[in-house]
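Since the structure comes first, as structure tokens, the remarks are kept for the end.
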Protein chains: 2
Amino acid sequence: MMTTSHGRRATIRDVALAAGVSISTASNALNGQGRTNAETRDRVKHIAEKIGFRPNALARGLLSRRSHSIGMITNDTYGRLTLPMTAGVSEALVDHGVSVFLCATNNDPRLARLHLEALLDKQVDGIIFTATRLDLAPQVDLSRLPIPVVYAFAEGPDTSVSFVPDDHQGARLAVEHLLSLGHRRILHITGPEDFAAVRRRAAAYRASLGGEGEVMFGPWGEDWGHEAVHRILTRPEPRPDAIFCGSDETARGVIDALRDHGLSVPSDIAVVGFDNWHVVAAQTRPALTTIDMGLKELGRRAGLAMLDLTQGKPVASGINYIACELVVRASCGTDLAGQSLMSS
Amino acid sequence: MMTTSHGRRATIRDVALAAGVSISTASNALNGQGRTNAETRDRVKHIAEKIGFRPNALARGLLSRRSHSIGMITNDTYGRLTLPMTAGVSEALVDHGVSVFLCATNNDPRLARLHLEALLDKQVDGIIFTATRLDLAPQVDLSRLPIPVVYAFAEGPDTSVSFVPDDHQGARLAVEHLLSLGHRRILHITGPEDFAAVRRRAAAYRASLGGEGEVMFGPWGEDWGHEAVHRILTRPEPRPDAIFCGSDETARGVIDALRDHGLSVPSDIAVVGFDNWHVVAAQTRPALTTIDMGLKELGRRAGLAMLDLTQGKPVASGINYIACELVVRASCGTDLAGQSLMSS
DNA sequence: ATGAAATGCTAAAACCTTTTATCACTTGAG
DNA sequence: CTCAAGTGATAAAAGGTTTTAGCATTTCAT
């Protein structure tokens, strides 16, 4: 990183001086604007490169009214959801010179307001709001801002642009995978019913089974998996041959409980999870077949939408559902095993 | 958020116009600089508040050469370590109007360079480098930057300022907890020896046992926990009465394996982990007693150091070790149980 | 040879704020 | 009554960039 003799970063003034041209000519040459002699242009560019000139984004932003930075507001201090999404946003934008301010509000309205004010003062080109839960509202009013707002893993008002995982499609993917492996008595053990995502997954599960099926709602966490398994094994009805879980944690609890009861996964009962939370899914024994919500892709999409918005391009408002993916590990048997089971 | 009639954000010009004073007077009044009549000052302030004036940080930064933003560069896409630290940094700085750019490099040198250039262009006041591993070097050269660099959960060159968890003290905490509960044959099952943190924890473990003890190095993950337990249970020597694990994941594997072998935790063997990674530690059965590295506090400290550096205050270079904390859950028995065991 | 058009460059304004130097005016002391 | 000091306000410069309008100069067609 070169600097001029007086220690500061090289400015376009230094370039102009060294090239023996005016500041405007230097600017024109570097940006390909106006009428410039090819020879002059090359000379200026060469000198700029030599002394390591890079335009001051503050000055540029002041003039263009675009700071090339956006704010991301999250209530997540833990990181499981936010960081993959932020990485996706950032990845989509860094090639366009846009950087991302990350603001963790910790669910504190005061902090949220403080962060928002700082972002607006810094003239961010837009704001992406993210939550740990689809149906969680921001702690500050984002509806009357003079800049575009995009919701990622959150649902904004109808007129806004939102990106959320396609829970419906994801749940269908899970159930259809089980069906394709020949399972018919599929149970759904999931989280609390007041979560929007939980209700959607349950609805899709029922739809995939033609309206049949049984859903057990409960708290998040492994304990509920244990508890739910205990309940179904101590009742008379026929046992399920597969369990679709609303989260990887629940699935892990379920699998551990099944083992404790002497049942083997996947040969006695197949299990599929939801989240593809690596630390849980990969470490479960057997490793968990589960649904990946594509958070990084979701972030990337949100970032691209933001880019269009800041460039004045029209973006369709409403909710964009990002497709989930099935990640096959061992807890349902492999696809091959499934095939042979079908053909036998 | 009020705006002027022409739609843009209110500027100090609007304030001056509305108050019937010059721009300089308005600025002086708002900032308490220069000589200003008390009555004028109040009037200007009142009007500024009324029309919702907030100074443009870009213009201000251009003049003061302080952008009131810093960059945070991480190679972590997963978030377990980075987000708590970022939240800590952000929390320490938001009250001073400083915002944080988060840059996930995904371990890609090209991306790292791109991010760094964008940060420098935006005139960030400093950069905090973070890694998922203490002994991981940045993918770009940070040693010749014109702005201060702080290392968080990473060790920079001698002349720089670094913050890392006190692995030594943390490991001692774990071993001493086990000793205080009456355990004497304490085994250490941990990660790969080429990790700096692993070697430190192992050294502290040995030191706490007066140079005795046995360390089993292996890969991270639960599998290694299973494998290690299998080894020690199939050999003739006397069994350990406690196991100190180098990570919560390993600890979970250990506990599960012990249960599989018919041993009970904590009554047969006590187990303590390292990380306090909530999803693992809280869900393990029994819930894991473990060491918390205080990542948020580490981030806060790094943020405060950065604040001092950007204000030209001297900051001692070198490595700052942040104290770990013991989090008691159930896998060693409770402290009370320990007390009664000692007194019996 | 002459007017029009094209070419290459530059001065100046604009973005918004803070600070410095300066001006006009009042007050108080001698 | 005069001079010095103090008071309250302001014009202008500075920070770094881009863009607009304009100025010479050259080229070309007539």
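Numbers restart at 1 for each chain; the letters A, B, ... are given by sequence-line order, proteins then strands.
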Query raised in the report: So, Asp121(A) and Arg9(B), do they make that salt bridge, N to O below 4.0 Å?
Result: yes

Query raised in the report: Per the end-axis method with five pairs at each terminus, what is the bend angle of the helix from dA1(C)-dT30(D) to dG30(C)-dC1(D), to 10°?
Result: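 The angle separating the two end axes equals 60°.
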
Enter the distance from [X]:[atom1] to [Y]:[atom2] here, rounded to the nearest 0.5 Å.
{"X": "Leu307(A)", "Y": "Ile70(A)", "atom1": "CG", "atom2": "CD1", "value": "9.0 Å"}
{"X": "Leu102(B)", "Y": "Leu83(A)", "atom1": "CG", "atom2": "CG", "value": "6.0 Å"}
{"X": "Gln123(B)", "Y": "Arg66(B)", "atom1": "CD", "atom2": "CZ", "value": "13.0 Å"}

**Report entry** Per Ser27(A) side chain, nearest of listed nucleotides dT19(D), dT17(D), dT18(C)
**Finding:**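 Closest of the options to the side chain of Ser27(A): dT19(D).
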
Report summary line: Of dA9(D), dT18(D), dT17(C), the nucleotide closest to the side chain of Phe53(B) is dT17(C)

Given atom [atom1] of [X] and atom [atom2] of [N], what is their separation to the nearest angstrom?
{"X": "Leu58(A)", "N": "dA14(D)", "atom1": "CG", "atom2": "C1'", "result": "15 Å"}
{"X": "Arg54(B)", "N": "dT18(C)", "atom1": "CZ", "atom2": "P", "result": "12 Å"}
{"X": "His68(A)", "N": "dC15(C)", "atom1": "NE2", "atom2": "C1'", "result": "14 Å"}
{"X": "Gln123(B)", "N": "dT17(D)", "atom1": "CD", "atom2": "P", "result": "8 Å"}
{"X": "Arg13(A)", "N": "dG16(D)", "atom1": "CZ", "atom2": "P", "result": "9 Å"}
{"X": "Leu63(A)", "N": "dG15(D)", "atom1": "CG", "atom2": "P", "result": "17 Å"}
{"X": "Asn37(A)", "N": "dA24(D)", "atom1": "CG", "atom2": "C1'", "result": "16 Å"}
{"X": "Leu62(A)", "N": "dA14(C)", "atom1": "CG", "atom2": "P", "result": "14 Å"}

Report task. Assess whether one donor atom and one acceptor atom, taken from the side chain of Ser24(A) and the base of dA11(C), lie less than 3.5 Å apart. Result -> yes

Query raised in the report: Can a donor-acceptor pair under 3.5 Å be found between the side-chain atoms of Arg35(A) and the base atoms of dG8(C)?
Result: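 It does, because a donor-acceptor pair links the side chain of Arg35(A) to the base of dG8(C) below 3.5 Å.
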
When you measure from the side-chain N and O atoms of [X] to the phosphate of [N], is any distance below 4.0 Å, counting only OP1 and OP2?
{"X": "Thr40(A)", "N": "dC9(C)", "result": "yes"}
{"X": "Ser22(A)", "N": "dC9(C)", "result": "no"}
{"X": "Asn31(A)", "N": "dT18(D)", "result": "yes"}
{"X": "Thr36(B)", "N": "dG8(D)", "result": "no"}
{"X": "Asn28(B)", "N": "dA9(D)", "result": "no"}

Report task. Assign Ile23(B) to base, sugar-phosphate, or nothing according to its heavy-atom contacts below 4.0 angstrom with the strands shown. Result -> base

Query raised in the report: Going through the checks in order, is the side-chain contact (heavy atoms from CB on, under 4.5 Å) test met by Phe101(A) and His115(A)?
Result: CA-CA 10 Å; Phe101(A) 284 118; His115(A) 275 299; over 6 Å; no

Requested in this report: Give a yes or no on whether the backbone of His68(B) and the side-chain of Asp125(B) come within a donor-acceptor separation of less than 3.5 Å.
Outcome: yes

Requested in this report: Test Val89(A) against Lys296(A) for side-chain contact (heavy atoms from CB on, under 4.5 Å), laying out the working first.
Outcome: CA-CA 8 Å; Val89(A) 170; Lys296(A) 198 167 178 183; over 6 Å; no

Report task. For Ala38(B) and for Arg60(A), find the nucleotide of DNA chain D with the closest heavy atom, then tell me which residue's nucleotide is more 5'. Result -> Ala38(B)

Query raised in the report: Where does the angle between the aromatic ring planes of Tyr151(B) and Phe129(B) fall among parallel (under 30°), tilted (30 to 60°) and perpendicular (over 60°)?
Result: perpendicular

